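Notes for the one structure printed next.
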Amino acid sequence: MKPAPFEYVRPDTLDAAVQALNHEDARIIAGGQSLVPMMNFRLVQPERLVDINRIEALTPIVQTDTGVRVGALTRHVEAEYHPLLREHFPIISEAMPYVAHLAIRNRGTIAGSLCHADPSAEWPLLAILLNGEIEILGGSGSRTVPAEEFFMAPLTTDIAETELVTGVFFPSPPASCGMAFDEVSWRAGDFAIVAAGALVYIEKNRFVNVRLVLGGVFDTPIRITALEEALVGQSANQDAIEAVLSLTTKDLEPNDDLHASAEYRLSLVHVLARRVLTCALERASS
Amino acid sequence: MTDAIAYARPKYIGKSIQRLEDSRLLTGRGRYAADFQVPRMAHLAFVRSDQAYARICQIETHDAKELPGVIGIFTASDFAHIPEITAPSKMLNYHPTFCPVLARDFVRYVGEPVVAILAEDRYVGEDAAALIEIEYDPRDVAVTAREASSPNAPKLHDSLGSNTIFSRQFAAGDCVKAISDAVHVVSGQFCMTRKTSVSIEPRAYMAEFEPQKDTLTLHSATNIPGIVRDEIGRLLGLSGNKFRVVTCDVGGSFGGKGSLYPEEIIVCDLALRLERSIKYVADRMEDILSSSQAFEEEVAATLAVDENGHFTALKADILGDIGAYSIYPWTAALEPVQVASFLPGPYRIPHYTATVRGICTPKPPTGPYRGVGRPMAVFALERLVDKAAFTLGLSPTELRRRNLVGTEEFPHRIGSGIIWNRSGFHECLNAAEEAVDLPSIQAEKTSRKDKWVGVGFASYAELTGIGSRIAVAPGMPMNTGAETATIRIDATGAVSAVFAMSSHGQSLETTLAQIVAEELGVLPEDVNVIQGDTSLTPHGTGTYASRSAVIGGGVAVKATRGLLVKVKRVAATLFGVSPSDIQTGDGNIFVPNTNFAINFAEIARLVYSDMSTLPQEARETLEFQATYDPIVGTTTSATHAAVVEIDPETLLIKLRRHFVAEDCGRLINPLVVNGQVHGGVAQGIGAALLEELKFDDAGQPITATLADYLVPTSAEVPDLEVAHIETELPDSPGGFRGMGEGGTIGAPAAIANAVTDALSQLGIEVNSLPITPSKLHALIAAATKQDRQE
């Protein structure tokens, strides 16, 4: 379980990183928590590793007029405890303990998780739920991709080999917004069998906006738009949630794998959707 | 003086002394096989089969040979001089298999070593492995024991008549009549799935070639150094003066390091041929794929009960999936036969019949695994006991109480021939029942809607510290019943205790030191326990089968007492008193109520260095060697009680409490006993709720990493509660019983019973382990469907 030979470079600036990526089969290493095991299994054999850990421009978490920008190198544990994120997006600190184990959260990064795009990972789900915008830099300049369009397939995103993610922008949600996250995994820290996140915005006791995103069920995290739309305009109460819950699992064909049957996953989708919507509603109301 | 009262006022035995090995192991100063670095050491890597069963057509090694840093590439033909590994047995209807150190002509499981690569480092070795191409001609496979046992199944070994490599019958009384006469009969089909050990340290071997003396030392992560020395010596034609095995620190085995492996033979052979030291360290995937596996059995069993709730008969058919080869030295019969041997459990069951078959399948060989057969036996029987209790409308504890062998009934021979001696069968059950408080759980079951709560019990007995009358494995022509030890005081007064067996986590450095210190009258930290070096002892096998407390502890008592006689004789001469006047303690040798006193350092000087104080004939060497063989063994017993709660929506199963009442005789060190019980229960939790090696229809393992093979972590293990019941002590030196495996033996059954109890309102039974939320979901769906149909 040793990696194939590779070249290692460690640029100090974004420009140098972009330059270094302009090379046959180059891969970025940040926290290395998914990449290194894959290299040791020789599932990936990059010619060159570009270590971005020394690039200071990738680290800050800053507030803007419209939201919070999180640098690509932000470690999971930093995101969990950062005051700005705790204030504006408490769901992040609620979800972070589900990301593997503490030692992994100390090293793994937000951009690493987004770019790895594991279908059961928490960050892709959160990015879609929170309407995040992924900032990407490449040889021909920078671009921004909405999180919802970023994830294309398991372990596949809308990013070229010569590009890198520099950060994620999370727009501020309205004040009367409640959010909740829940997940079922076999053991503490395991990949999610099903994960669910909900964001509920109410005004005058009615649902104004609802987002429900599921992870671990399908090739990428998915929004349940039918349910979201059905709730908007309804009275903000538990009955309304119960009335639309069946929309969650309608037409959904969850993955069937080694760890859980599709039928079991479907039952979990129902349970977790109810739990996160109920909890988000309570938080929005209080 | 009988041992039952030997330690009326013990100083060290029974005390929770901090482990003497901890400061070394916890500060990273332990020395494991992988830590050895010597000049010119080369590294071994393997290309392993990616086919379950196939003929090897061609192996292309040219590109790999050319790679800089590659020393040599070896295939089966390079080891033609080494006989195949084969495990003999005197058991009737047993057919040994023949396993070459590298696959020859055929591969028979994914993970079987096919090509060995010797390189300057492991990185180059794996680069070379990637360049080797093996062409296979796949054969049809029968992956499960059930399929492979069919007469038309493809045969895994052409030389054998069928895939059934052993079969055996047990019969006592007239089971057929007893079952047909019975008022109540309960039956079930029980199965457990394959497990792997997952030691923190994977298997690792370093063969150190010493050119000065032309000798070879194998530093091996094994728990059977003596067996490895003897058999590699036989296979390579080496005797003990040229070859020794040293275990150093070993990071767990759980059975997985308790057999002879091809890789350790290859490192030795190549080290001798190339005259350089060679290291092989398995990576985690290799360890999962190629270390011995276990527990894959199906048991169809029937229990008959009379109108008073007394068991009358037990009948079982046991099918063991033993994998591709019969492992050395235990044979593939070890585990399945043990299921049959222990199935009647701690109960009075007059009529017993069982058939056992071991079936070859294209999967890794099975071998010892903590509990060996008894986790399956206890799971099957204790599920039947709960079913019977339910049928009779009795509480599970009451039915057990009516059938457990009574205190006055020992010794009691069970239907398989095993004899139970006095042990706390009833005392453990009573303690568990009291700890759990059944009425309060019953009340919670009815009042709580947000959780399904259940409680389960499992009572069992096991034979530990097995002596020479019984082979640890059926028909195994090897004495595993004796251990030899030497205790000596050197010229500085230091005490050394040399044992052939070795610890791979059992804390023997501490517990054996406690025993020697207690018997000799010194401090435990003054005793240097030396273990696991075959050059220091004439014979010994290792640590397995819960034997080291009984046999190792026993020989420690015996040898130290022999040494004490010498010490007292010297002191008596010195003081001019009778040896019976001499006492020892805290490092001093003295005559009570006098000023005759001397310490061990002084007496050593008088004996070895001083030529004037003592007469020459009194200056005897302060050393004593003894061998101990318990002949039969000791009966350890326990009752486990598990309380689970299940989330009715997510079906997640939480083990809320796990209580163990066990009788292991006299505790040498309660900390160590608790540690063993805790670790064993954790492993049992894995077997009950998480761990499962899965293979697809082609025999490909699909759980080859720790992301897919799930072992319990601290988050899945509750605070474990352990009560030690000390009834009448066994007739062994010190009064110790073995207890290294019990946690794993009792926990799966107790948890299965608890989950079944929690689901009683749905009429669902847990008869296959591990039980997971996804499997529960399927069981509930099936039960609901059946309800609707009815």
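Bear in mind the structure is a predicted one, so any value in this text is a computation, not a measurement. Every chain is numbered from 1 and lettered A, B, ... according to where its sequence line falls, protein lines coming before strand lines.
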Neighbour count >12 (heavy atoms, 6.0 Å) for atom CZ, B:R656: yes
Main-chain N/O of A:A188 paired with B:E716 side-chain donor or acceptor, under 3.5 Å: yes
Side-chain heavy atoms of A:W186 within contact of B:L689, under 4.5 Å: no
Region of B:T705 in contact with chain A, defined by heavy-atom distances below 4.5 Å: side chain
Under 4.5 Å from a heavy atom of chain A, the part of B:L776 involved: neither
Value rounded to 0.5 Å, distance of CG in B:D283 from CG in A:N40: 9.0 Å
Chain A contact via B:D647 - side chain, backbone, both or neither, heavy atoms under 4.5 Å: side chain
Which portion of B:V281 sits near chain A, non-hydrogen atoms under 4.5 angstrom: neither
A:Q238 atom CD: more than 12 heavy-atom contacts under 6.0 Å: yes
Side-chain (A:R187) to main-chain (B:P712) donor-acceptor, under 3.5 angstrom: no
Within 6.0 angstrom of B:R657 CZ, more than 12 heavy atoms from elsewhere: yes
Point-to-point distance, once rounded to the nearest 0.5 Å, from CE of B:M285 to CE of A:M1: 5.5 Å
A:E24 CD: over 12 foreign heavy atoms closer than 6.0 Å: no
Chain A contact via B:A130 - which portion, at a heavy-atom distance below 4.5 Å: side chain
Neighbour count >12 (heavy atoms, 6.0 Å) for atom CD1, B:I200: no
Region of A:P3 that comes under 4.5 Å of a non-hydrogen atom in chain B: both
Any side-chain heavy-atom pair of B:Y123 and A:P5 under 4.5 Å: no
Check: B:E126 side chain, A:K2 main-chain N or O, donor-acceptor pair, under 3.5 Å: yes
Other residues, nucleotides, ligands: >12 heavy atoms within 6.0 Å of B:D450 CG: yes
From B:L652 atom CG to A:S185 atom OG, the distance as rounded to the nearest 0.5 Å: 8.0 Å
Atom CD of A:E253: over 12 foreign heavy atoms under 6.0 Å: no
Top contributor to chain A interface from B:S714, B:P773, B:A715, B:A129 [non-hydrogen pairs under 4.5 Å]: B:P773
Any residue of residues 257-268 of chain A which, by heavy atoms, sits under 4.5 Å from chain B: A:L258, A:H259, A:A260, A:S261, A:E263, A:Y264, A:S267, A:L268
Residues, nucleotides or ligands: over 12 heavy atoms within 6.0 Å of B:Y32 OH: yes
Residues in residues 273-286 of chain A that sit under 4.5 Å from chain B, counting heavy atoms only: A:R274, A:R275
